[in-house]
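All ligand and atom numbering here is 1-based and tracks the order in the structure.
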Amino acid sequence: MEHKKVRVRFAPSPTGGLHLGGVRTVLFNYLFARQHKGDFVLRIEDTDQTRYVAGAEEYIIECLRWCGLEADEGPHKGGPYAPYRQSERKEMYRQYAEQLVKNGYAYYAFDTPEELEEMRSRLKTEEHPSPQYNHIVRQQMRNSLSLPAEETEKLLAAGTPHVIRIKMPASEEVSFTDMIRGEVQFNTGTVDDKVLLKADGMPTYHLAVVVDDYLMKITHAFRGEEWLPSAPVHILLWRYLGWEADMPQWAHLPLILRPDGNGKLSKRDGDRLGFPVYAMNWLDPRSNEFTRGFREMGYLPEAFVNMLAMLGWNDGTEQELFTLDELVEKFSMERVHHAGAKFNIEKANWFNHQYILKADNQRLAALFMPVLKEKGVQASEEYVATIAGLVKERCNLVNEIWDHGFFFFRQPETYDTAAVKPKWSEVKRQFFLDWASVLETLSDFSLSAVEESFKQLATSMNIKVGELQLPFRIMLCGGKFGPPVFNIAETLGKHETIARIMKALPAFDA
Ligand code: GLU
């Protein structure tokens with residue numbers, strides 16, 4: 001057999017923000033392409049103009065860029081099979097729909113929206129609440145199978161609006177081998193006569209996906225499990241168009257389930273349970289609804305990607321942390337589970353924490369700067385990097401640098417004096433006054449110099465160092481929290497440290 005170059009595609013419809021399940025589909029495509037030295041194509045499936053949302057395509061491209069999973073070909077960079085936007089390929093599809101009609105695999109249907117509505121309300125029963133246009137119903141409708149040939153000719157010649165529908169066999173077994181699920185079988189009797197070409201000449205998803213996968217020489221098609229019911233239509237189209245030998249290998253990826261229950265994880269679940277579901281912030285231009293994304297909530301892309309890889313896949317060992325290169329090397333579609341994978345935000349946070357620990361402090365600072373700006377705080381990136389280094393051990397999210405380090409950016413307004421009062425004394429007060437004068441004279445304000453002078457003075461005044469550290473911490477931070485206190489002092493610097501001591505003393509005395 002001829003060895004074909006691996007070509008995979010991610011084929012989103014630009015209808016809104018990108019769900020983390022979508023990013024996982026991107027990831028598995030990307031890993032497979034890299035592993036096989038193949039091509040990864042981004043194709044925008046925008047044939048349903050009623051669902052088209054402005055900005056969604058740019059958003060998707062930006063998501064791939066953020067995750068480091070960029071496509072080799074796509075609408076943003078072109079490629080040998082351009083255009084990569086289906087709306088721009090509109091003219092290519094009709095000939096294939098006509099070919100199907102000519103060969104008896106599809107037919108013209110002239111039914112008006114009113115006639116379709118009439119059929120639905122007439123056939124509706126409690127058992128079948130939404131009757132379909134199928135191999136039985138089509139006999140009673142107005143199409144080139146039910147009408148005399150001359151009538152069809154006349155309608156076509158008169159330019160009567162019509163669609164082209166696939167003629168699904170009444171009862172035929174269609175099967176294919178899914179890379180994850182193995183042998184999958186369907187009976188065509190349960191599938192309706194899907195529209196392939198709409199009245200305006202635009203193909204539907206079903207026709208466009210098959211034609212484009214063929215024309216773009218796609219060898220493997222990976223997509224969410226929700227597309228499994230469409231598979232028999234696609235398989236038959238490959239066969240009816242005479243392309244079966246070139247049909248890609250399919251893999252339908254398991255759903256990502258909500259943490260509480262078995263349903264598919266939706267954006268609403270995220271809103272309800274307080275975690276992101278979209279990769280990045282998304283502002284829906286139709287409803288103005290704003291949705292927070294993983295990126296802006298302080299997740300690192302490599303953590304996000306690693307977490308997604310483990311939603312439904314593992315390498316057979318206990319290993320959970322993988323670099324992208326390791327994933328490329330170890331990933332295999334056959335090891336993806338059939339069953340849905342429950343999303344777990346605690347686990348996502350754990351992954352992020354691991355990558356924050358490894359991350360360069362300068363990088364964390366750069367990522368944190370927009371958060372500071374939002375809060376109206378000014379600080380140099382260098383200063384923020386030092387703080388990131390001091391607090392990252394406690395952070396699951398980049399944005400939590402604020403929660404664990406806010407006092408680096410502003411003096412305390414209130415003090416946890418209850419923690420100090422019981423052991424506060426005139427001697428201790430004198431210690432801090434004297435020490436402030438000593439600090440003034442220090443030319444080196446390094447951690448060790450500060451700590452050394454603190455200990456020296458405490459010893460000379462006969463006070464236990466341990467009893468002075470807590471008040472000092474509360475002077476600097478306002479409460480019993482934060483990294484080691486001399487690190488805080490060193491970071492704040494001489495001027496600010498002294499200022500905070502002097503500001504706190506009256507509150508401690510009161
Ligand atoms: N356009 C489909 C979607 O939005 C693609 C499904 C497929 O990959 O075949 O998910």
- line: Counting from 1 in the order shown, the ligand 1 atoms closer than 4.0 Å to a non-hydrogen atom of V209 are 9 (O)
- prompt: Closer than 4.0 angstrom: is that true for some heavy atom of R9 and an atom of ligand 1?
  reply: yes
message: I want to know if ligand 1 touches A11 in the polar sense, i.e. an N/O pair below 3.5 angstrom.
response: yes
query: Taking the six-membered ring of Y30 as reference, does the NZ or CZ atom of R34 fall below 6.0 Å from its centre and within a 45° cone about the axis?
result: yes
query: Is the distance between the ring centroids of F40 and F10 under 6.0 Å?
result: no
query: What atoms of ligand 1 come within less than 4.0 Å of a heavy atom belonging to E45?
result: 1 (N), 2 (C), 5 (C)
query: With a 6.0 Å cut-off on ring centres, are W313 and F28 close enough?
result: no
field: Working for side-chain contact (heavy atoms from CB on, under 4.5 Å), residues V184 and T177
entry: CA-CA 6 Å; V184 185; T177 309; over 6 Å; no
- line: With heavy atoms and a 4.0 Å threshold, my read on which part of F10 contacts ligand 1 is neither
query: Which residue supplies the protein heavy atom nearest to atom 6 (C) of ligand 1, what is that atom called, and how far is it?
result: Y205 OH, 3.1 Å
task: Measure the spacing between CG of L147 and CE of M141 and express it to the nearest 0.5 Å.
output: 11.0 Å
